[in-house]
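Read through the structure below, which is laid out as C-alpha coordinates, and then see the notes.
Lettering of chains follows the sequences in order, A, B, ..., and the numbering in each one begins at 1.
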Amino acid sequence: MLQIAKIKENSEGIAQRLDLRGINGKERVAKILSIDEKRRAVQHKKEELLAQMNQLSAAIGDLFKAGKREEADLKKAETAAIKESIKLAEGEYKQVENELTDLLNDTPNAPHSSVQPGQSEKDNVEVFSWGEIPDLGTKAKPHWEIASEAALIDFELGVKITGAGFPVYTGVGAKLQRALINFFLNEAGASGYTEVQVPIMVNEDSAYATGQLPDKEGQMYHAAVDDFYMIPTAEVPVTNIFRDTILKEEELPKKLTGYTPCFRREAGSYGKDVRGLNRLHQFDKVEIVQVVHPDKSYDVLDEMVEHVKVLMEKLELPYRILLLCGGDMGFTSAKTFDFEVWSAAQKRWLEVSSVSCFESYQSNRLKCRFKNKETGKNELVHTLNGSALALPRIVAALLENNQLDGNRIHIPKALQPYLGMEEIVY
RNA sequence: GGAGAAAUGGCAGAGCGGUCGAAUGCGUUAGUCUUGAAAACUAAAGAUGUGCAAGCAUCCGGGGGUUCGAAUCCCUCUUUCUCCGCCA
(Lines give C-alpha, C1' and ligand atoms only; values in the text may rest on other atoms or scores of the structure.)
Protein backbone atom coordinates (compact mmCIF):
# COMPACT_ATOMS: atom_id res chain seq x y z
CA MET A 1 0.00 0.00 0.00
CA LEU A 2 1.00 3.62 -0.34
CA GLN A 3 3.06 5.12 2.48
CA ILE A 4 1.30 7.78 4.51
CA ALA A 5 4.60 9.57 5.05
CA LYS A 6 5.15 9.81 1.30
CA ILE A 7 1.62 11.11 0.74
CA LYS A 8 2.09 13.77 3.39
CA GLU A 9 5.42 14.77 1.96
CA ASN A 10 4.17 15.19 -1.58
CA SER A 11 0.40 15.06 -1.61
CA GLU A 12 0.00 16.99 -4.83
CA GLY A 13 2.44 14.80 -6.74
CA ILE A 14 0.82 11.58 -5.53
CA ALA A 15 -2.62 12.95 -6.39
CA GLN A 16 -1.48 13.76 -9.92
CA ARG A 17 0.02 10.33 -10.33
CA LEU A 18 -3.21 8.70 -9.15
CA ASP A 19 -5.07 10.76 -11.73
CA LEU A 20 -3.23 8.81 -14.42
CA ARG A 21 -5.37 5.83 -13.48
CA GLY A 22 -8.55 7.75 -13.99
CA ILE A 23 -9.42 8.02 -10.32
CA ASN A 24 -9.79 11.33 -8.57
CA GLY A 25 -6.37 11.60 -6.95
CA LYS A 26 -6.91 14.87 -5.18
CA GLU A 27 -10.06 13.69 -3.50
CA ARG A 28 -8.51 10.36 -2.54
CA VAL A 29 -5.39 11.90 -1.08
CA ALA A 30 -7.40 14.48 0.88
CA LYS A 31 -9.53 11.71 2.36
CA ILE A 32 -6.51 9.64 3.37
CA LEU A 33 -4.84 12.61 5.00
CA SER A 34 -7.93 13.63 6.90
CA ILE A 35 -8.46 10.15 8.32
CA ASP A 36 -4.80 9.93 9.21
CA GLU A 37 -5.02 13.20 11.06
CA LYS A 38 -7.96 11.89 12.99
CA ARG A 39 -6.01 8.72 13.71
CA ARG A 40 -3.10 10.65 15.19
CA ALA A 41 -5.38 12.71 17.38
CA VAL A 42 -7.09 9.60 18.75
CA GLN A 43 -3.74 7.91 19.20
CA HIS A 44 -2.47 10.83 21.20
CA LYS A 45 -5.51 10.75 23.45
CA LYS A 46 -5.18 7.02 23.96
CA GLU A 47 -1.47 7.14 24.77
CA GLU A 48 -1.96 9.97 27.19
CA LEU A 49 -4.35 7.78 29.15
CA LEU A 50 -2.01 4.82 29.01
CA ALA A 51 0.83 6.96 30.35
CA GLN A 52 -1.38 8.06 33.22
CA MET A 53 -2.23 4.48 34.00
CA ASN A 54 1.41 3.42 33.91
CA GLN A 55 2.36 6.14 36.37
CA LEU A 56 -0.45 5.22 38.69
CA SER A 57 0.51 1.55 38.63
CA ALA A 58 4.11 2.37 39.42
CA ALA A 59 3.01 4.56 42.31
CA ILE A 60 0.81 1.77 43.68
CA GLY A 61 3.71 -0.63 43.48
CA ASP A 62 5.93 1.76 45.42
CA LEU A 63 3.29 2.25 48.10
CA PHE A 64 2.88 -1.48 48.55
CA LYS A 65 6.60 -1.91 48.94
CA ALA A 66 6.70 0.90 51.47
CA GLY A 67 3.98 -0.94 53.37
CA LYS A 68 1.43 1.83 52.89
CA ARG A 69 -1.43 -0.45 52.16
CA GLU A 70 -4.26 1.96 52.72
CA GLU A 71 -2.86 4.66 50.48
CA ALA A 72 -2.35 2.06 47.82
CA ASP A 73 -5.92 0.89 48.03
CA LEU A 74 -7.03 4.48 47.72
CA LYS A 75 -5.10 4.88 44.49
CA LYS A 76 -6.41 1.62 43.22
CA ALA A 77 -9.88 3.02 43.34
CA GLU A 78 -8.75 5.80 41.01
CA THR A 79 -7.78 3.37 38.29
CA ALA A 80 -11.28 2.18 37.48
CA ALA A 81 -12.32 5.37 35.72
CA ILE A 82 -9.13 5.61 33.69
CA LYS A 83 -9.45 2.01 32.70
CA GLU A 84 -12.86 2.69 31.34
CA SER A 85 -11.59 5.67 29.32
CA ILE A 86 -8.74 3.58 27.95
CA LYS A 87 -11.17 0.97 26.74
CA LEU A 88 -13.21 3.59 24.92
CA ALA A 89 -10.16 5.26 23.42
CA GLU A 90 -8.80 1.93 22.24
CA GLY A 91 -12.07 1.08 20.58
CA GLU A 92 -12.13 4.43 18.86
CA TYR A 93 -8.54 4.05 17.73
CA LYS A 94 -9.15 0.62 16.26
CA GLN A 95 -12.10 1.95 14.34
CA VAL A 96 -10.18 4.84 12.82
CA GLU A 97 -7.24 2.61 12.07
CA ASN A 98 -9.47 0.12 10.24
CA GLU A 99 -11.06 2.93 8.30
CA LEU A 100 -7.62 4.09 7.19
CA THR A 101 -6.44 0.58 6.33
CA ASP A 102 -9.56 -0.10 4.28
CA LEU A 103 -9.10 3.11 2.37
CA LEU A 104 -5.42 2.39 1.69
CA ASN A 105 -6.21 -1.17 0.66
CA ASP A 106 -8.69 0.27 -1.79
CA THR A 107 -6.15 2.72 -3.22
CA PRO A 108 -3.98 1.42 -6.06
CA ASN A 109 -0.33 2.27 -6.51
CA ALA A 110 0.46 5.72 -7.87
CA PRO A 111 1.77 5.34 -11.43
CA HIS A 112 5.23 6.65 -12.28
CA SER A 113 5.17 10.07 -13.90
CA SER A 114 6.32 8.57 -17.23
CA VAL A 115 3.11 6.52 -17.44
CA GLN A 116 0.48 7.77 -19.86
CA PRO A 117 -3.01 8.50 -18.66
CA GLY A 118 -5.68 6.23 -20.11
CA GLN A 119 -8.67 4.04 -19.52
CA SER A 120 -7.99 0.71 -21.17
CA GLU A 121 -5.62 -1.31 -23.31
CA LYS A 122 -6.47 0.97 -26.22
CA ASP A 123 -4.39 3.68 -24.58
CA ASN A 124 -1.26 1.57 -24.15
CA VAL A 125 1.80 2.78 -26.02
CA GLU A 126 3.96 0.57 -28.20
CA VAL A 127 7.55 1.40 -27.31
CA PHE A 128 9.47 -1.31 -29.10
CA SER A 129 9.04 -4.10 -31.58
CA TRP A 130 11.24 -6.80 -33.03
CA GLY A 131 11.09 -9.48 -35.69
CA GLU A 132 9.17 -9.97 -38.88
CA ILE A 133 5.53 -10.85 -38.93
CA PRO A 134 5.35 -14.01 -41.04
CA ASP A 135 2.75 -14.33 -43.77
CA LEU A 136 1.59 -17.94 -43.79
CA GLY A 137 -1.24 -17.39 -46.22
CA THR A 138 -4.61 -19.01 -45.78
CA LYS A 139 -3.39 -22.51 -44.98
CA ALA A 140 -2.02 -21.50 -41.60
CA LYS A 141 -3.37 -23.68 -38.82
CA PRO A 142 -4.12 -22.32 -35.38
CA HIS A 143 -2.07 -23.88 -32.62
CA TRP A 144 -4.92 -25.96 -31.23
CA GLU A 145 -5.21 -27.80 -34.52
CA ILE A 146 -1.48 -28.41 -34.70
CA ALA A 147 -1.37 -29.48 -31.05
CA SER A 148 -4.13 -31.94 -31.67
CA GLU A 149 -2.81 -33.34 -34.98
CA ALA A 150 0.71 -33.68 -33.58
CA ALA A 151 -0.63 -35.15 -30.32
CA LEU A 152 1.15 -32.54 -28.26
CA ILE A 153 -1.74 -31.39 -26.11
CA ASP A 154 -5.02 -33.08 -25.18
CA PHE A 155 -7.50 -30.46 -24.08
CA GLU A 156 -10.47 -32.86 -23.82
CA LEU A 157 -8.56 -35.19 -21.51
CA GLY A 158 -7.89 -32.26 -19.20
CA VAL A 159 -11.60 -31.51 -19.16
CA LYS A 160 -12.29 -35.06 -18.01
CA ILE A 161 -9.64 -35.00 -15.31
CA THR A 162 -10.33 -31.51 -13.99
CA GLY A 163 -12.20 -29.13 -16.26
CA ALA A 164 -11.75 -26.66 -19.08
CA GLY A 165 -8.48 -24.78 -18.97
CA PHE A 166 -6.44 -27.63 -17.51
CA PRO A 167 -4.74 -29.18 -20.55
CA VAL A 168 -2.80 -32.44 -20.62
CA TYR A 169 0.53 -32.20 -22.45
CA THR A 170 1.61 -35.46 -24.02
CA GLY A 171 4.79 -36.86 -25.57
CA VAL A 172 6.81 -34.18 -27.34
CA GLY A 173 4.29 -31.64 -26.08
CA ALA A 174 5.19 -32.46 -22.50
CA LYS A 175 8.86 -32.46 -23.33
CA LEU A 176 8.54 -29.04 -24.93
CA GLN A 177 7.17 -27.71 -21.64
CA ARG A 178 10.14 -29.09 -19.77
CA ALA A 179 12.55 -27.74 -22.39
CA LEU A 180 11.13 -24.22 -22.15
CA ILE A 181 11.20 -24.24 -18.36
CA ASN A 182 14.83 -25.34 -18.33
CA PHE A 183 15.74 -22.83 -21.01
CA PHE A 184 14.12 -19.96 -19.09
CA LEU A 185 15.65 -20.96 -15.76
CA ASN A 186 19.10 -21.32 -17.24
CA GLU A 187 18.86 -17.94 -18.95
CA ALA A 188 17.78 -16.33 -15.68
CA GLY A 189 20.65 -18.05 -13.89
CA ALA A 190 23.07 -16.67 -16.47
CA SER A 191 21.69 -13.17 -15.76
CA GLY A 192 22.50 -13.53 -12.08
CA TYR A 193 19.19 -14.73 -10.68
CA THR A 194 19.27 -17.36 -7.95
CA GLU A 195 16.89 -20.20 -8.56
CA VAL A 196 14.34 -21.04 -5.87
CA GLN A 197 11.60 -23.60 -5.63
CA VAL A 198 8.72 -22.39 -3.52
CA PRO A 199 5.31 -23.56 -2.31
CA ILE A 200 2.50 -23.13 -4.80
CA MET A 201 -0.07 -22.65 -2.06
CA VAL A 202 0.24 -19.66 0.22
CA ASN A 203 -1.45 -18.41 3.36
CA GLU A 204 -3.54 -15.31 3.70
CA ASP A 205 -0.68 -13.13 4.96
CA SER A 206 1.38 -13.83 1.86
CA ALA A 207 -1.50 -13.21 -0.50
CA TYR A 208 -2.15 -9.91 1.22
CA ALA A 209 1.47 -8.79 1.24
CA THR A 210 1.91 -8.91 -2.53
CA GLY A 211 -1.51 -7.38 -3.11
CA GLN A 212 -3.60 -10.32 -4.35
CA LEU A 213 -5.82 -9.84 -1.31
CA PRO A 214 -8.13 -8.14 -0.90
CA ASP A 215 -8.10 -6.83 -4.47
CA LYS A 216 -8.18 -10.09 -6.44
CA GLU A 217 -9.82 -12.46 -4.03
CA GLY A 218 -12.15 -13.92 -6.64
CA GLN A 219 -9.34 -14.70 -9.08
CA MET A 220 -7.56 -17.19 -6.86
CA TYR A 221 -8.44 -20.78 -6.09
CA HIS A 222 -8.97 -21.09 -2.37
CA ALA A 223 -8.50 -24.30 -0.38
CA ALA A 224 -11.06 -23.42 2.24
CA VAL A 225 -10.41 -26.18 4.78
CA ASP A 226 -6.86 -24.99 5.41
CA ASP A 227 -7.38 -21.43 4.20
CA PHE A 228 -4.63 -21.64 1.59
CA TYR A 229 -4.62 -19.96 -1.81
CA MET A 230 -3.28 -21.52 -5.01
CA ILE A 231 -0.78 -19.04 -6.35
CA PRO A 232 -1.71 -17.05 -9.47
CA THR A 233 1.99 -16.34 -10.05
CA ALA A 234 5.35 -17.21 -8.46
CA GLU A 235 5.58 -13.52 -7.59
CA VAL A 236 3.54 -14.27 -4.47
CA PRO A 237 5.68 -16.91 -2.72
CA VAL A 238 9.00 -15.61 -4.07
CA THR A 239 8.43 -12.00 -3.01
CA ASN A 240 7.13 -13.19 0.36
CA ILE A 241 10.54 -14.68 1.07
CA PHE A 242 11.32 -11.12 2.11
CA ARG A 243 8.26 -10.48 4.25
CA ASP A 244 9.19 -9.11 7.69
CA THR A 245 12.87 -8.78 6.98
CA ILE A 246 15.45 -6.05 7.35
CA LEU A 247 18.23 -6.39 4.80
CA LYS A 248 21.67 -4.87 4.84
CA GLU A 249 22.21 -2.32 2.12
CA GLU A 250 25.05 -4.36 0.65
CA GLU A 251 22.75 -7.36 0.30
CA LEU A 252 20.80 -5.49 -2.38
CA PRO A 253 19.84 -6.23 -5.04
CA LYS A 254 18.29 -9.62 -4.38
CA LYS A 255 17.65 -11.42 -7.64
CA LEU A 256 15.53 -14.55 -7.59
CA THR A 257 13.95 -16.73 -10.23
CA GLY A 258 11.54 -19.59 -9.88
CA TYR A 259 9.43 -21.89 -11.95
CA THR A 260 5.92 -22.67 -10.74
CA PRO A 261 2.59 -23.69 -12.10
CA CYS A 262 0.14 -20.80 -11.81
CA PHE A 263 -3.57 -21.01 -11.12
CA ARG A 264 -6.17 -18.48 -12.17
CA ARG A 265 -9.91 -18.75 -12.00
CA GLU A 266 -10.29 -16.24 -14.87
CA ALA A 267 -13.87 -15.59 -13.94
CA GLY A 268 -15.63 -13.70 -16.70
CA SER A 269 -13.43 -14.75 -19.63
CA TYR A 270 -15.02 -16.12 -22.77
CA GLY A 271 -14.89 -16.62 -26.53
CA LYS A 272 -11.74 -16.57 -28.63
CA ASP A 273 -9.76 -15.41 -25.61
CA VAL A 274 -9.98 -18.85 -24.04
CA ARG A 275 -9.49 -20.96 -27.17
CA GLY A 276 -6.62 -23.44 -27.04
CA LEU A 277 -3.71 -22.12 -25.01
CA ASN A 278 -4.82 -18.51 -25.04
CA ARG A 279 -6.14 -18.51 -21.51
CA LEU A 280 -5.82 -21.36 -19.03
CA HIS A 281 -6.68 -22.02 -15.41
CA GLN A 282 -3.36 -23.76 -14.85
CA PHE A 283 -0.21 -22.84 -16.70
CA ASP A 284 3.54 -22.82 -16.24
CA LYS A 285 5.68 -19.76 -15.82
CA VAL A 286 9.21 -18.79 -14.88
CA GLU A 287 9.25 -15.58 -12.89
CA ILE A 288 12.08 -13.18 -12.11
CA VAL A 289 11.93 -11.07 -8.95
CA GLN A 290 14.20 -8.32 -7.69
CA VAL A 291 14.38 -6.54 -4.36
CA VAL A 292 16.39 -3.36 -4.82
CA HIS A 293 17.53 -0.03 -3.41
CA PRO A 294 14.86 2.64 -4.08
CA ASP A 295 17.29 4.70 -6.17
CA LYS A 296 17.88 1.81 -8.55
CA SER A 297 14.40 0.51 -9.23
CA TYR A 298 13.82 2.09 -12.63
CA ASP A 299 17.25 1.11 -13.91
CA VAL A 300 16.46 -2.40 -12.78
CA LEU A 301 13.11 -2.27 -14.56
CA ASP A 302 14.97 -1.58 -17.81
CA GLU A 303 17.42 -4.36 -17.02
CA MET A 304 14.58 -6.83 -16.53
CA VAL A 305 12.90 -5.72 -19.75
CA GLU A 306 16.23 -6.32 -21.49
CA HIS A 307 16.38 -9.84 -20.08
CA VAL A 308 12.97 -10.69 -21.48
CA LYS A 309 13.83 -9.15 -24.86
CA VAL A 310 16.78 -11.51 -25.15
CA LEU A 311 14.54 -14.48 -24.38
CA MET A 312 12.09 -13.53 -27.11
CA GLU A 313 14.87 -13.00 -29.61
CA LYS A 314 16.56 -16.28 -28.80
CA LEU A 315 13.18 -17.91 -29.39
CA GLU A 316 13.03 -16.07 -32.75
CA LEU A 317 9.52 -14.83 -32.04
CA PRO A 318 8.26 -11.45 -33.30
CA TYR A 319 7.13 -9.34 -30.42
CA ARG A 320 6.30 -5.84 -29.29
CA ILE A 321 6.57 -4.06 -25.97
CA LEU A 322 3.78 -1.91 -24.62
CA LEU A 323 4.04 0.65 -21.90
CA LEU A 324 0.75 0.21 -20.10
CA CYS A 325 -1.36 3.27 -19.54
CA GLY A 326 -2.51 4.19 -16.04
CA GLY A 327 -5.94 2.63 -16.42
CA ASP A 328 -4.69 -0.74 -17.68
CA MET A 329 -1.98 -1.35 -15.09
CA GLY A 330 -2.28 -3.82 -12.27
CA PHE A 331 -3.49 -2.50 -8.95
CA THR A 332 -0.10 -2.70 -7.24
CA SER A 333 2.16 -1.56 -10.08
CA ALA A 334 3.77 1.83 -10.59
CA LYS A 335 4.97 1.09 -14.11
CA THR A 336 4.45 -1.95 -16.29
CA PHE A 337 5.76 -3.12 -19.65
CA ASP A 338 3.84 -5.88 -21.37
CA PHE A 339 5.43 -8.15 -23.95
CA GLU A 340 3.19 -9.48 -26.67
CA VAL A 341 4.08 -12.18 -29.15
CA TRP A 342 2.63 -12.35 -32.65
CA SER A 343 0.43 -15.34 -33.17
CA ALA A 344 0.63 -15.92 -36.90
CA ALA A 345 -2.45 -18.06 -37.49
CA GLN A 346 -4.72 -16.21 -35.08
CA LYS A 347 -3.25 -13.00 -36.49
CA ARG A 348 -3.19 -11.25 -33.17
CA TRP A 349 -0.90 -10.29 -30.35
CA LEU A 350 -0.79 -12.42 -27.21
CA GLU A 351 0.56 -11.21 -23.89
CA VAL A 352 3.46 -13.37 -22.72
CA SER A 353 5.16 -11.24 -20.12
CA SER A 354 4.46 -8.40 -17.80
CA VAL A 355 7.39 -6.62 -16.16
CA SER A 356 6.54 -4.25 -13.34
CA CYS A 357 8.04 -1.95 -10.78
CA PHE A 358 6.04 -1.71 -7.57
CA GLU A 359 8.19 0.89 -5.86
CA SER A 360 7.38 0.52 -2.15
CA TYR A 361 3.75 -0.51 -2.61
CA GLN A 362 4.45 -4.19 -1.96
CA SER A 363 7.35 -3.70 0.44
CA ASN A 364 5.16 -1.56 2.67
CA ARG A 365 2.84 -4.52 3.13
CA LEU A 366 5.72 -6.97 3.21
CA LYS A 367 7.53 -4.86 5.77
CA CYS A 368 10.71 -5.47 3.84
CA ARG A 369 13.26 -2.82 4.67
CA PHE A 370 16.96 -2.20 4.40
CA LYS A 371 19.27 -0.25 6.65
CA ASN A 372 20.29 2.87 4.76
CA LYS A 373 23.99 3.35 5.33
CA GLU A 374 23.90 7.13 4.95
CA THR A 375 21.00 7.84 7.26
CA GLY A 376 21.27 4.77 9.49
CA LYS A 377 17.50 4.45 9.20
CA ASN A 378 15.42 1.56 7.97
CA GLU A 379 13.73 2.28 4.67
CA LEU A 380 11.39 0.28 2.49
CA VAL A 381 13.01 -1.48 -0.46
CA HIS A 382 11.53 -1.44 -3.93
CA THR A 383 10.29 -4.66 -5.51
CA LEU A 384 10.00 -5.66 -9.14
CA ASN A 385 9.01 -8.73 -11.03
CA GLY A 386 8.45 -10.04 -14.49
CA SER A 387 7.45 -13.13 -16.37
CA ALA A 388 10.44 -14.71 -18.05
CA LEU A 389 8.38 -16.27 -19.43
CA ALA A 390 4.84 -17.66 -19.34
CA LEU A 391 4.70 -20.83 -21.39
CA PRO A 392 1.30 -21.37 -23.05
CA ARG A 393 1.22 -18.44 -25.44
CA ILE A 394 4.89 -18.95 -26.27
CA VAL A 395 4.01 -22.50 -27.25
CA ALA A 396 1.04 -21.20 -29.25
CA ALA A 397 3.25 -18.77 -31.14
CA LEU A 398 6.00 -21.35 -31.67
CA LEU A 399 3.57 -23.82 -33.18
CA GLU A 400 1.78 -21.29 -35.37
CA ASN A 401 4.66 -19.14 -36.55
CA ASN A 402 7.04 -22.00 -37.18
CA GLN A 403 4.75 -24.38 -39.05
CA LEU A 404 6.38 -25.65 -42.22
CA ASP A 405 5.13 -27.60 -45.20
CA GLY A 406 4.89 -31.32 -44.63
CA ASN A 407 3.65 -31.27 -41.07
CA ARG A 408 6.78 -29.95 -39.48
CA ILE A 409 7.46 -27.37 -36.79
CA HIS A 410 10.77 -25.55 -36.78
CA ILE A 411 12.41 -25.38 -33.34
CA PRO A 412 14.47 -22.23 -32.66
CA LYS A 413 18.17 -22.85 -32.39
CA ALA A 414 18.47 -21.84 -28.73
CA LEU A 415 15.81 -24.37 -27.78
CA GLN A 416 17.12 -27.28 -29.84
CA PRO A 417 19.59 -28.58 -27.24
CA TYR A 418 16.83 -28.54 -24.62
CA LEU A 419 14.30 -30.39 -26.77
CA GLY A 420 16.83 -32.60 -28.47
CA MET A 421 15.44 -32.00 -31.95
CA GLU A 422 15.53 -29.43 -34.73
CA GLU A 423 11.99 -29.99 -35.88
CA ILE A 424 8.84 -31.57 -34.61
CA VAL A 425 7.60 -33.85 -37.35
CA TYR A 426 4.14 -35.34 -37.24
C1' G B 1 -3.81 -38.64 13.76
C1' G B 2 -2.54 -39.65 19.51
C1' A B 3 0.68 -38.30 24.02
C1' G B 4 4.22 -34.95 26.11
C1' A B 5 7.59 -30.50 26.00
C1' A B 6 8.61 -25.78 24.20
C1' A B 7 8.31 -20.66 21.54
C1' U B 8 12.32 -14.36 24.70
C1' G B 9 16.74 -9.42 20.90
C1' G B 10 21.37 -11.37 14.74
C1' C B 11 22.34 -16.37 17.35
C1' A B 12 22.51 -19.14 22.04
C1' G B 13 20.12 -18.51 26.57
C1' A B 14 18.40 -16.46 31.77
C1' G B 15 14.13 -14.25 33.80
C1' C B 16 8.27 -17.08 35.86
C1' G B 17 3.59 -10.84 39.03
C1' G B 18 6.12 -4.30 39.95
C1' U B 19 12.76 -1.77 40.01
C1' C B 20 12.34 -5.92 32.64
C1' G B 21 13.02 -3.46 26.44
C1' A B 22 14.68 -7.50 29.23
C1' A B 23 20.87 -10.70 32.57
C1' U B 24 24.95 -13.38 30.47
C1' G B 25 27.79 -15.45 26.38
C1' C B 26 28.78 -15.35 21.16
C1' G B 27 28.47 -12.40 17.01
C1' U B 28 28.29 -7.06 14.97
C1' U B 29 30.21 -1.84 14.87
C1' A B 30 33.65 1.98 16.66
C1' G B 31 37.97 3.02 19.54
C1' U B 32 42.73 1.85 22.49
C1' C B 33 47.12 -1.10 21.76
C1' U B 34 49.93 -2.87 17.10
C1' U B 35 53.97 -1.57 11.15
C1' G B 36 49.37 -4.56 10.14
C1' A B 37 46.39 -8.55 11.93
C1' A B 38 45.10 -11.66 16.09
C1' A B 39 44.51 -11.36 21.29
C1' A B 40 43.27 -8.14 25.24
C1' C B 41 40.76 -3.84 26.94
C1' U B 42 36.98 0.24 26.38
C1' A B 43 32.53 1.79 24.28
C1' A B 44 28.10 1.60 21.08
C1' A B 45 23.88 -0.78 19.06
C1' G B 46 16.47 -3.63 18.68
C1' A B 47 11.61 -2.49 16.01
C1' U B 48 7.07 0.35 15.16
C1' G B 49 4.03 4.57 15.99
C1' U B 50 3.78 9.69 17.64
C1' G B 51 6.14 14.41 18.45
C1' C B 52 10.23 20.17 16.21
C1' A B 53 12.40 17.95 20.34
C1' A B 54 12.81 16.06 25.27
C1' G B 55 9.80 12.41 25.66
C1' C B 56 5.57 9.24 25.48
C1' A B 57 3.15 4.69 23.77
C1' U B 58 3.44 -0.32 21.87
C1' C B 59 6.26 -4.97 20.90
C1' C B 60 9.19 -11.36 24.87
C1' G B 61 5.09 -16.70 18.53
C1' G B 62 -0.55 -14.63 17.15
C1' G B 63 -5.31 -13.39 19.49
C1' G B 64 -8.23 -12.86 23.98
C1' G B 65 -8.62 -12.70 29.48
C1' U B 66 -7.29 -12.04 34.99
C1' U B 67 -4.78 -7.87 37.78
C1' C B 68 -3.84 -1.20 40.02
C1' G B 69 0.37 -3.68 37.36
C1' A B 70 1.90 -9.50 32.87
C1' A B 71 7.74 -11.83 29.26
C1' U B 72 5.95 -14.02 33.95
C1' C B 73 -0.93 -16.41 35.72
C1' C B 74 -5.45 -18.32 32.68
C1' C B 75 -7.94 -19.47 27.79
C1' U B 76 -7.28 -20.16 22.60
C1' C B 77 -4.82 -20.55 17.91
C1' U B 78 -0.24 -21.36 15.24
C1' U B 79 4.52 -23.31 14.91
C1' U B 80 8.74 -26.36 16.54
C1' C B 81 10.85 -30.60 19.14
C1' U B 82 10.47 -35.79 21.38
C1' C B 83 7.76 -40.50 21.44
C1' C B 84 3.84 -43.58 19.05
C1' G B 85 0.85 -44.48 14.62
C1' C B 86 0.32 -43.79 9.24
C1' C B 87 2.84 -42.74 4.73
C1' A B 88 5.46 -40.67 -0.89
- Message: Only Watson-Crick and G-U wobble pairs with both distances less than 3.5 Å should count. Give RNA chain B in dot-bracket notation, marking inter-strand partners with |.
- Response: ((((((((.[[[..)..(.....]]].(((((.......))))).(((((....))))).[[[[[..)....]]]]])))))))....
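Residues from residues 32-48 of chain A placing a heavy atom under 4.0 Å of any atom in RNA chain B, listed by number, are Arg39(A), Arg40(A), Gln43(A), Glu47(A). At a non-hydrogen distance threshold of 4.0 Å, Lys76(A), Thr79(A), Lys83(A) from residues 70-84 of chain A come into contact with RNA chain B. If you check residues 50-59 of chain A against RNA chain B, the residues with a heavy atom closer than 4.0 Å are Leu50(A), Ala51(A), Met53(A), Asn54(A), Ser57(A), listed by number.
The ring-ring contact (aromatic ring centres under 6.0 Å, His included) analysis of residues 148-180 of chain A, with sequence neighbours excluded, yields the pairs Phe166(A)-His281(A). Counting only residues at least two apart or in different chains, ring-ring contact (aromatic ring centres under 6.0 Å, His included) contacts with residues 407-426 of chain A comprise Phe183(A)-Tyr418(A). Residue pairs meeting the ring-ring contact (aromatic ring centres under 6.0 Å, His included) criterion with at least one partner in residues 352-392 of chain A, sequence neighbours excluded, are His293(A)-Phe370(A).
If you check every strand for non-hydrogen atoms under 4.0 Å, Lys87(A) touches nothing. No engagement by Asp62(A) is indicated, since no non-hydrogen atom pair under 4.0 Å with the nucleic acid exists.
Ion pairing between Glu303(A) and Lys255(A) holds under the 4.0 Å rule for side-chain N and carboxylate O.
The salt bridge (Lys or Arg N to Asp or Glu O under 4.0 Å) search around Lys141(A) returns Glu149(A), not counting sequence neighbours. Judged as a side-chain hydrogen bond (donor to acceptor under 3.5 Å, both in side chains), and not counting sequence neighbours, Gln403(A) has no contacts. Under the rule for a side-chain hydrogen bond (donor to acceptor under 3.5 Å, both in side chains), the partners of Arg28(A) that lie at least two apart in sequence or sit in another chain are Thr107(A).
Taking every heavy atom of both residues into account, Asn203(A) and Phe228(A) meet most closely at CA-CD2, 4.2 Å.
Considering only heavy atoms from C-beta on, Val425(A) stays 4.5 Å or farther from Asn407(A) through its side chain.
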Output side-chain donor-acceptor pairs under 3.5 Å for residues 236-244 of chain A, partner residues at least two apart or in another chain, one line each.
{"residue": "Thr239(A)", "atom": "OG1", "partner": "Glu235(A)", "partner atom": "O", "Å": "2.6"}
{"residue": "Asn240(A)", "atom": "OD1", "partner": "Arg243(A)", "partner atom": "NE", "Å": "2.7"}
{"residue": "Asn240(A)", "atom": "ND2", "partner": "Ser206(A)", "partner atom": "O", "Å": "2.9"}
{"residue": "Asn240(A)", "atom": "ND2", "partner": "Val236(A)", "partner atom": "O", "Å": "2.8"}
{"residue": "Arg243(A)", "atom": "NH2", "partner": "Ser206(A)", "partner atom": "OG", "Å": "2.8"}

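Protein chain A contacts RNA chain B from G18(B) to G69(B), reading 5' to 3' and using non-hydrogen atoms of the protein with a distance under 4.0 Å.
Taking atom P in both U66(B) and U72(B), one finds a spacing of 15 Å when rounded to whole Å.
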